[in-house]
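The structure appears below as structure tokens.
Below, each value reflects all heavy atoms present in this structure, side chains not excepted, and no hydrogens, waters or symmetry copies. Below, chain A is the first sequence line, B the second, and so on; all start at residue 1.
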Amino acid sequence: MKDQLQDLVQQALTRLCLEGTVPNGTSVSFVVERTRSREHGDFATNAALLLAKPAGKKPRDVAVALVAALPASARIAKVEIAGPGFINFFLSPEAYAEEVRSIHAHGREYGRNQQGRDRKAQIEFVSANPTGPLHVGHGRGAAVGDCLARLLEATGWRVTREYYYNDAGAQIANLALSVQARCHGIEPEQEGWPADGYRGAYISDVARAYLAGETVHADGHDVTGTKDTDDLDAIRRFAVACLRREQDLDLRAFGVEFDVYYLESSLYAEHKVDETVQALIAAGHTYEQDGALWLKTTDFGDDKDRVMRKSDGAYTYFLPDVAYHVTKWKRGYGRAINEQGADHHSTITRVRAGLQALDMGIPKGWPEYVLHQMVTVMRGGEEVKLSKRAGSYVTLRDLIDEAGRDATRWFLVARKADSQLTFDIDLARTQSNDNPVYYVQYAHARVCSVQRQLGERGVEWNRENGLAQLTRLDNEHEQAVLIALSRYPELVEIAAANLEPHMVASYLSELAAAFHAWYNAHHFIIDDADLRDARLSLAEATRIVLANGLELLGLGAPQSM
RNA sequence: GGCCCCGUAGCUCAGCUGGAUAGAGCGUCCCCCUCCUAAGGGGAAGGUCAGCAGUUCGAAUCUGCUCGGGGCCGCCA
């Protein structure tokens, strides 16, 4: 709807240029946007306000000329000039009827677009090291990342979901030592417990399984435990497999699946890190000092240079990060998005600087980042800090078990990632209108319920007739639903462009509210067959859009509740 | 010392990248099914958009400074 109006205004502007009302070649970045209030019509443009200066005329005079030059359209019922020089468009009932027919025609495809033109995009998210269960923060990353992927898919991108994990570094060595200590019956605080050992109860579970000779399947491999508590390497492999499997189970329960698991160890195995170092040296952005090799990241906006290779010969963490991103680029992802916790913020400049220093044609803003702020969990008005299993943090599994998958996903994705998030377990558990998830899903179930009633009452719904009678839907509640429905394609476009899945959640709440109000004020199954068909067709359109939106968030659209 | 995010109704938060009279839910108060699910709906009260200055036709939105909350800044990952 919006695009068509944009075209009409552009045509009018072109005509004014030819007439000489505005100087030839004038181009302004005017917008056509939704109005806030119905008094101002459906859409408004600020074109006249922006043209006033180049034309040397008053905004309202330009507006008059612009309106006069507007091509005729059956979709526009009325055009008004208002305020300082806004041009307000009132759409015809036929324009909305056309949109509803489009919803029925496209079904599950309605709202999707092809802006990505089937190009490759990669989203890396979660990427938790296999040293413990996933916690709430990872859950937020999983929900946001997965919804971002769904949004990009809906806008025509070919998306790969990738999970990167460190399977060889110091943290993993620490994990192995912790499990070994547990195998020996040593507990935290006791003599012999490793300095920075992992203290969670899950370490004991791993130790027990290892000693019992259990076989664990993870990442396509089987790993079996033994009684040998001296073989630290075997313990490490077993522990990583155990925790990887646990994370996979949690993610599956959360409805999140990955296409690629990328192991940090493979970067070393395939000499990717060495190659990157050599390439950086060759590009001339490095120097040696104090026995270490430095990268001049200050050439690319960092506040100080960074060490790449320590004086003891080992690499610092950011080098494999750069090498890893080189593989992303070489794998053909013209678009790469990293969804991470805000505590990783400082790596952005460095990774990008490293990639720029390679001088291999990678754009400056590549990769893109979506960072989410911290999550605090509340229960009974108090902050929850402990998980029995993991120790010092609340796990994703705890939340799924307590609040359910859909509510957990909703609450973790419904807030802007930039904002700190308070997860209220009590609210998420509530099965009432207080809980926005149920509110939205209930709207979907209500439409299904009406459709079931038709059969029970022996009433027939003639969909085609309904779609032909849509202009009979003229009460305020139906108008509100029509407007909300027609906004959906714009919503998908904006949410994807801004990488802000929370907008989908806000939208669904609004659409559900419009529907509930309508449902409450009017009956659908009435004697007037034409009006009944029209209402049932609008209800079905609402159901389709609700289902499509819920799908974008990875949530179920229940037939009944 | 440097950097990032946040500050909007009592509470939790939207506000579509600068538009017209700032929105929703919860909470408080009042009201609505003999009827497709009351897991719902209607109404009232509630605001110095943290503060100050600037940019312009126009600022919650952009810029600078100040104040508050959170996070990051290592030859740790």
Worksheet item: How many Å lie between NE2 on His344(A) and C1' on rA77(B), as a whole number?
Response: 8 Å

Worksheet item: If we call it a pair only when both distances are under 3.5 Å in a Watson-Crick or G-U wobble match, what pairs with rU12(B)?
Response: rA24(B)

Worksheet item: Got a donor-acceptor contact below 3.5 angstrom from the Asn113(A) side chain to the Pro489(A) backbone?
Response: no

Discussion item. Please report the distance separating the C1' of rA45(B) from the corresponding atom of rG54(B), rounded so that it comes out in whole Å.
Written reply: 37 Å

Discussion item. For a quick check of understanding: with a heavy-atom distance under 4.0 Å over all strands, which category does Met374(A) fall into, base, sugar-phosphate or nothing?
Written reply: sugar-phosphate

Worksheet item: Can you pull the salt bridge (Lys or Arg N to Asp or Glu O under 4.0 Å) pairs that have at least one residue in residues 476-485 of chain A, sequence neighbours excluded?
Response: Glu478(A)-Arg535(A)

Worksheet item: Starting at the 5' end of RNA chain B, which residue's closest nucleotide do you reach first, Val307(A) or Trp518(A)?
Response: Trp518(A)

Worksheet item: What is the nucleic acid contact for Arg309(A), judged by heavy atoms within less than 4.0 Å: base, sugar-phosphate only, or nothing?
Response: nothing

Discussion item. Work out how far the C1' atom of rG27(B) is from that of rC13(B), and round it to whole angstrom.
Written reply: 14 Å

Worksheet item: Does the base of rC75(B) carry an N or O that pairs as donor and acceptor with the side chain of Ser311(A) under 3.5 Å?
Response: yes

Item to complete: Look at all strands and tell whether His523(A) reaches a base, only sugar-phosphate, or nothing, counting heavy atoms closer than 4.0 Å.
Response: base

Practice prompt. Specify the separation, in whole Å, of atom CG of Asp305(A) and atom P of rG2(B).
Written response: 19 Å

Response to the item:
Glu500(A) CD to rU61(B) P, in whole Å, measures 17 Å

Worksheet entry | Residue closer to the 5' end of RNA chain B, Asp343(A) versus His516(A) (nearest nucleotide) | His516(A)

Discussion item. Distance check needed: rU12(B) P versus Ile425(A) CD1, whole Å only.
Written reply: 17 Å

Practice prompt. Would you indicate what Asp312(A) reaches in the nucleic acid, counting non-hydrogen atoms under 4.0 angstrom: base, sugar-phosphate, or nothing?
Written response: nothing

Item to complete: Answer with base, sugar-phosphate or nothing: what part of the nucleic acid does Ser449(A) contact at a heavy-atom distance below 4.0 Å?
Response: base

Worksheet item: Base, sugar-phosphate, or nothing for Gln289(A), non-hydrogen atoms under 4.0 angstrom?
Response: base

Practice prompt. Could you check whether Phe318(A) gets within reach of a base, just the sugar-phosphate, or nothing at all, counting any heavy atom under 4.0 Å?
Written response: nothing

Practice prompt. Could you work out the separation of rG64(B) and rU21(B) based on their C1' atoms and round it to a whole Å?
Written response: 30 Å

Worksheet item: Paired with rG47(B): which nucleotide, if any, by Watson-Crick or G-U wobble criteria at under 3.5 Å for both distances?
Response: none

Practice prompt. Could you grab the distance from atom CD1 of Ile348(A) to atom CG of Asp321(A), nearest 0.5 Å is fine?
Written response: 12.0 Å

Item to complete: Between rG46(B) and rA9(B), how far apart are the P atoms? Round to whole Å, please.
Response: 15 Å

Practice prompt. Could you label the plane-to-plane angle of the Tyr315(A) and Tyr268(A) rings as parallel, tilted or perpendicular, counting under 30° as parallel and over 60° as perpendicular?
Written response: parallel

Worksheet item: Which word best sums up how the rings of Tyr164(A) and Tyr324(A) line up, parallel for under 30°, tilted for 30 to 60°, or perpendicular for over 60°?
Response: parallel

What protein N or O atoms touch nucleotides 20-22 of chain B N or O atoms at under 3.5 angstrom, if any, and at what distances?
residue: rA20(B); atom: OP1; partner: Arg36(A); partner atom: NH1; Å: 3.4
residue: rA20(B); atom: OP2; partner: Arg36(A); partner atom: NE; Å: 3.4
residue: rA20(B); atom: OP2; partner: Arg36(A); partner atom: NH1; Å: 3.0
residue: rA20(B); atom: N6; partner: Asn88(A); partner atom: OD1; Å: 2.7
residue: rA20(B); atom: N1; partner: Asn88(A); partner atom: OD1; Å: 3.2
residue: rA20(B); atom: N1; partner: Asn88(A); partner atom: ND2; Å: 3.2
residue: rU21(B); atom: O4; partner: Glu39(A); partner atom: OE1; Å: 2.7
residue: rU21(B); atom: O4; partner: Glu39(A); partner atom: OE2; Å: 3.2

Worksheet, complete the sentence: Checking N1-N3 plus N6-O4 or O6-N4 for Watson-Crick, or N1-O2 and O6-N3 for wobble, each under 3.5 Å, the partner of rC72(B) is rG2(B)

Fill in: Rounded distance in Å - CZ (Phe524(A)) to P (rC36(B))
13 Å

Item to complete: Please confirm whether Phe300(A) and His285(A) have ring centers closer than 6.0 angstrom.
Response: yes

Discussion item. Any base atoms under 4.0 Å from His477(A), or only sugar-phosphate, or nothing? Heavy atoms, all strands.
Written reply: nothing

Worksheet item: Taking only N and O in the side chain of Lys310(A), is any of them less than 4.0 Å away from OP1 or OP2 of rC76(B)?
Response: yes

Fill in: Strand partner of rG7(B), provided both Watson-Crick or wobble distances fall under 3.5 Å
rC67(B)

Worksheet item: Reckon Ala292(A) touches a base, only the sugar-phosphate, or nothing at all at heavy-atom distances under 4.0 Å?
Response: base

Worksheet item: Are the side chain of Ser178(A) and the backbone N or O of Tyr198(A) linked by a donor-acceptor pair below 3.5 Å?
Response: yes

Item to complete: Ignoring backbone atoms, establish whether Arg446(A) has a side-chain N or O less than 4.0 Å from OP1 or OP2 of rA38(B).
Response: yes

Worksheet item: Taking the same atom, P, in rU61(B) and in rG19(B), what whole-Å distance lies between them?
Response: 11 Å

Discussion item. At 4.0 Å (heavy atoms only), tell me whether Asp290(A) reaches a base, stays on the sugar-phosphate, or touches nothing.
Written reply: base

Worksheet item: Between Asp406(A) and Gln441(A), does a side-chain hydrogen bond (donor to acceptor under 3.5 Å, both in side chains) hold up when you go through it step by step?
Response: CA-CA 10 Å; Asp406(A) 282 1; Gln441(A) 291 182 324; 2.9 Å; yes

Fill in: Asp290(A) side-chain N/O to Ala292(A) backbone N/O, donor-acceptor pair under 3.5 Å
no

Worksheet item: For rC16(B), does OP1 or OP2 lie under 4.0 Å from any side-chain N or O of Tyr488(A)?
Response: no

Worksheet item: At under 4.0 Å between heavy atoms, what does Ser509(A) touch on the DNA or RNA strands: base, sugar-phosphate, or nothing?
Response: nothing

Item to complete: Test the Arg244(A)-Tyr163(A) pair against the cation-pi criterion, namely NZ or CZ under 6.0 angstrom from the six-membered ring centroid and within 45° of the ring axis.
Response: yes

Worksheet item: Does His502(A) put a side-chain nitrogen or oxygen below 4.0 Å from OP1 or OP2 of rG15(B)?
Response: yes

Any protein N or O atoms within reach of nucleotides 4-6 of chain B? Criterion: under 3.5 Å, listing atom names and distances.
residue: rC4(B); atom: O4'; partner: His345(A); partner atom: NE2; Å: 3.2
residue: rC5(B); atom: O2'; partner: Asp418(A); partner atom: O; Å: 2.3

Practice prompt. For rU17(B) versus rA59(B), give the span between their C1' atoms, rounded off to a whole number of Å.
Written response: 13 Å

Worksheet item: Hey, does Asn46(A) reach any base, or is it just sugar-phosphate, or nothing, if we go heavy atoms under 4.0 Å?
Response: base

Item to complete: Could you measure between the two C1' atoms, the one in rC11(B) and the one in rC73(B), and give it in whole Å?
Response: 34 Å

Practice prompt. Taking atom C1' in both rA60(B) and rA22(B), compute the distance separating them and give it to the nearest angstrom.
Written response: 8 Å

Discussion item. Please determine whether side-chain hydrogen bond (donor to acceptor under 3.5 Å, both in side chains) holds for the pair Thr298(A) and Asp305(A), giving the CA-CA distance in whole Å, both sets of side-chain angles, and the decisive distance to 0.1 Å.
Written reply: CA-CA 6 Å; Thr298(A) 48; Asp305(A) 292 338; 2.6 Å; yes

Practice prompt. Just say parallel, tilted or perpendicular for the rings of Phe515(A) and Trp518(A), cut-offs at 30° and 60°.
Written response: perpendicular

Worksheet item: Can you tell me how far P of rC76(B) sits from CG of Leu319(A), to the nearest Å?
Response: 14 Å

Fill in: Rounded interatomic separation in angstrom, taking CG from Leu427(A) and C1' from rG27(B)
12 Å

Worksheet item: NE2 of His372(A) versus C1' of rG70(B): gap in Å, rounded?
Response: 14 Å

Worksheet item: Do Phe89(A) and Phe43(A) make the cut of ring centroids closer than 6.0 angstrom?
Response: no

